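Some notes on the structure that comes next.
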Amino acid sequence: MQKLLVIAAVLATCLVHADEGQGPAWLLASKQLHNQFVVEDKELIVEYSIYNVGESVAVNILLDDQTFPSQDFDVVRGLLKAKWDRIAPGTNVSHTVILRPKIFGFFNMTSAFVTYYPTEDASEPVFAYTSAPGEGGIMKYREYDRKFSPHLLDWGAFGMMTVPSLCIPFMLWYRSKSKYEAIMRQGKKSN
Amino acid sequence: MNNKLLLIFLLVLPAVLIVITDGGGRSSFVAHADDAVEDEVEGEDDVTIDDEGPGAGTLETDAVVADSEEEEEEEEEKALQASPDAQTKIVFSKPDNYMEMPAGAIVKFLVGFINNGEKDFIVDSIDAAFRYPQDYSFYIQNFTAAYYGRLVESKKQATFDYSFMPSENFNARPFGLTINLNYRDVEGSLYQDALFNETISIIEVDEGLDGETFFLYVFLAAVAVLLLVAGQQFLASFTKKRGQRTKAPVEMGTSNHNDVDYDWIPKQTLDDMKKSPRRTPRQSPRQRRTKGSSED
């Protein structure tokens, strides 16, 4: 009898859940930087991932990022506005933009926003903030270069500086060698 | 004299400096600051010990005090409830199965927040901690709270991301993971939502070849090669000695010309030697000398 009750209860909850299956869509949107260092004049990869954790399809999804002002950032690839028609429940989409910062110093990367209709027949769109990477420093290009470039010029200069200490002993040796060989040759000729 | 004085001065000055800075003096400012902090901490300790009073087993009272404090903390935490107007959801984006978290690998999750009420909410922070699964008041690893300070207006939604890394040293066993979301409304009342409060298991990832084992193998190979070389050297020297011992050294003088290497002598000199009629190379040096002396 108890078993039957339990089964009935489980079935009932299942049914309830099935009813809830028609709940609205719920989009979680994250905004992430893929760079370890954000550097002036270097590509900055920003990825937006949108997860639908709700129970129905999200419709007319519009992602808009207004946190990269055009006087401070160039868009190299991609768009700061993206649009999807539908995102099914339990799925996710991602969108990537490649930017190039024109400035250096501290910059607060705040949230973009997403608007969507949580059900097929919703009249009002839902407004959602994405997550924010937060405030971070944009490195000066010269500073970055000093730390991570191959330093060809520096190595070249180093090479030039090592030349005298290598060449002078070689010259001395070579001179004595050639002198000796000349003596040898003379001796042979005299023979 | 002056030189000696200078030498003594140079020897004594560093010693004096060391004594002054290291010993009683403590001349640097940093050391002073540290001292102050230590003193404060010590002072606090003293005060607590005094409060406990003498006589009673200090260890036990300590434990009691700690327990009561923790209980108070828990009560405070319990006092904070989630707001009925806020709806939250947590989604782990990494790893795929959040019930098994690899030790030493990054774990990421997203938190969805919906403001269904009329008041605005300000989402302050998310904190996460690994706790002992049998006793949730025992923290094993506490993660830094991430501060967001995001204003979520009425009927709006927001997403927050947080990532942490379980310590590499964790064994593969169950851990209690708690994740809390702290937020407040514009009127200033605080809320806390326990987003996640479950026992998860940490798994140890067995990477095929990590740097440590790779270099271990390289080192072992190097040792093997070194042993081979050493062995070869040893054997070679051993056999050489044996061979030399068997061959009885016989003084041949300069009579045997076949094993004399003339390469190092310049050709010119050799020719001169051949030409010189004075003495034949057959003569032993002693004979030659006697001959020379007799000539003299």
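Below, read A as the first sequence line, B as the second, and so on, with proteins coming before strands; counting in each chain starts at 1. Predicted model, so just to flag it, every value in this text is computed and none were measured.
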Count the heavy atoms belonging to other residues, nucleotides or ligands that lie under 6.0 Å from [atom1] of [X], then report whether that count exceeds 12.
X       : atom1 : value
K102(A) : NZ    : yes
L153(A) : CG    : no
K155(B) : NZ    : yes
R173(B) : CZ    : yes
E168(B) : CD    : no
F148(A) : CZ    : yes
E212(B) : CD    : no
N108(A) : CG    : yes

Would you please test Y51(A) and K89(B) for side-chain contact (heavy atoms from CB on, under 4.5 Å) and show each step? CA-CA 12 Å; Y51(A) 296 76; K89(B) 188 154 204 161; over 6 Å; no

Which atoms of [X] approach chain B - backbone, side chain, both or neither, heavy atom under 4.5 Å:
X       : value
S49(A)  : neither
E124(A) : neither
V126(A) : side chain

Over all atoms of both residues, closest heavy-atom pair of R150(B) and S111(A): NH2-OG, 2.9 Å

Of all heavy-atom pairs between W26(A) and F113(B), which one has the smallest distance, and what is that distance? CZ2-N, 3.9 Å

Who among K31(A), Q32(A), M184(A) has the most heavy-atom pairs with chain B under 4.5 Å?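 When all of K31(A), Q32(A), M184(A) are compared, Q32(A) has the most.
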
Highest number of heavy-atom pairs under 4.5 Å with chain B: which of V53(A), T130(A), V114(A), L27(A)? V53(A)

Looking only at V111(B), V91(B), I114(B), most heavy-atom pairs under 4.5 Å shared with chain A are made by I114(B)

Nearest 0.5 Å, please: how far is [atom2] in [Y] from [atom1] in [X]?
X       : Y       : atom1 : atom2 : answer
S131(A) : Y148(B) : OG    : OH    : 8.0 Å
F160(B) : L28(A)  : CZ    : CG    : 11.0 Å
D161(B) : S30(A)  : CG    : OG    : 6.0 Å
N115(B) : F127(A) : CG    : CZ    : 13.0 Å

Decide yes or no for F113(A) and K156(B): does some side-chain heavy atom of the first lie under 4.5 Å from some side-chain heavy atom of the second?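 A side-chain contact under 4.5 Å is absent here.
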
Under 4.5 Å heavy-atom distance to chain A, tell me which part of I90(B) shows up: side chain, backbone, both or neither.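 I90(B) has no heavy atom closer than 4.5 Å to chain A.
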
Toward chain A, the part of Y147(B) with a non-hydrogen atom under 4.5 Å: neither

